[in-house]
Amino acid sequence: MAVSNISFGVFVAIVAIIFAISMPLAHGQSSAPAPSPTSDGAAIDQGVACILMLVALVLTYLIH
């Protein structure tokens, strides 16, 4: 009896996974494309600032 309960549980789990994967595909609509990312240069400025801070930290460490 225990074997049939385990195999039934595995069967239910497999069926649930198949339904979870296939149900979103059944709608037939493709989602709208994501808008293209816009950059105002703030991320680049922050990256340059971080690099300059690391250079200053290394130079301070080497001087002292």
Side-chain angles (χ1 to χ4, degrees):
M1 188 69 180
V3 173
S4 68
N5 285 339
I6 292 173
S7 62
F8 180 72
V10 171
F11 174 74
V12 169
I14 291 172
V15 169
I17 291 171
I18 290 171
F19 273 111
I21 292 171
S22 65
M23 288 307 285
L25 300 175
H27 292 292
Q29 294 179 349
S30 63
S31 60
S36 61
T38 57
S39 175
D40 58 354
I44 295 172
D45 290 343
Q46 190 174 9
V48 170
C50 286
I51 290 173
L52 289 175
M53 288 297 289
L54 287 173
V55 169
L57 180 66
V58 167
L59 286 176
T60 305
Y61 177 75
L62 290 176
I63 290 172
H64 286 86

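- Taking CG from L57 and CG from L52, the interatomic distance works out to 12.5 Å, rounded to the nearest 0.5 Å.
- For V12, the side chain to side chain contact (heavy atoms under 4.5 Å, CB included) partners two or more places apart in sequence, or in a different chain, are F8.
- Residues passing the side chain to side chain contact (heavy atoms under 4.5 Å, CB included) test with I14, sequence neighbours excluded: V10, I18.
- Grouping the Ile, Leu, Val, Met, Phe, Trp and Tyr side chains by contacts below 4.5 angstrom, directly or via other members, places F19 with F11.
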